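A short write-up of the structure that comes next.
In this text, all values refer to a predicted model and were calculated from it rather than measured experimentally. Position 1 is the first residue of the sequence, and the numbers go up from there.
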Amino acid sequence: MKKVFFYGAISLDGFLSSEDDNLKWLFDTELNPNYSIADFEDRVDTVVMGNMTYKGTQKLLGADSMFPGKEKIIFSRSQTGPIAGDGQYVSGDPLPVIKALRLETAKIFGSLVAAVL
């Protein structure tokens with residue numbers, strides 16, 4: 001059974017992005033010097049996030065791949081089908097998706113998903 005890790009980022013004013021939808025502060029934030037985001041990513045094989053987070057992060061990364069080698073599950077009300085680089089769009093309630101992923105034998109990283117088990 002997979003473990004579900006929740007990683008959420010939010011600023012003190014209650015928003016993820018700045019007023020101009022900029023997420024750069026996420027990449028500029030320092031973590032514990034003894035633990036890096038790469039260390040965390042090594043523990044997971046599936047990333048779950050919302051479409052706005054996905055698009056905003058892709059915009060910041062440019063040509064670089066987001067979470068290379070990781071399966072990506074992107075929640076969207078408008079997009080459907082596969083995404084480039086091992087992923088797919090899904091819609092609806094996140095809880096059944098997370099529950100189904102938990103039954104698989106691997107690791108999962110939930111980014112900005114409200115339903116954490």
Spatial distance of atom [atom1] ([X]) from atom [atom2] ([Y]) [nearest 0.5 Å]:
| X | Y | atom1 | atom2 | answer |
| --- | --- | --- | --- | --- |
| M49 | S76 | CE | OG | 13.0 Å |
| F67 | Y54 | CZ | OH | 11.0 Å |
| I83 | Q58 | CD1 | CD | 7.5 Å |
| Y89 | T80 | OH | OG1 | 9.5 Å |

Exercise for the section: State, yes or no, whether a side-chain contact exists between T46 and L101 at a heavy-atom distance under 4.5 Å. Expected result: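 Yes, side chains in contact.
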
Handout entry: Student check: side-chain heavy atoms of Q88 and I73 closer than 4.5 Å
Key =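 They are in contact (side-chain heavy atoms under 4.5 Å apart), so the answer is yes.
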
Exercise for the section: Could you tell me which non-hydrogen atom of F75 sits nearest to which non-hydrogen atom of V48, and how far apart they are? Expected result: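 Looking at all heavy atoms of both residues, the shortest contact is CE1-CG1, 3.6 Å.
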
Exercise for the section: For the pair K72 (side chain) and K70 (backbone), establish whether a donor and an acceptor sit closer than 3.5 Å, ignoring hydrogens and angles. Expected result: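 Looks like yes, one N/O pair under 3.5 Å.
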
Exercise for the section: Spell out, as yes or no, whether a donor-acceptor pair under 3.5 Å connects the side chain of T57 to the backbone of T53. Expected result: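 Yes, the answer is positive, given that a donor and an acceptor are paired below the 3.5 Å cut-off.
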
Handout entry: M52 CE: over 12 foreign heavy atoms closer than 6.0 Å
Key =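 Not more than 12 within 6.0 Å, no.
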
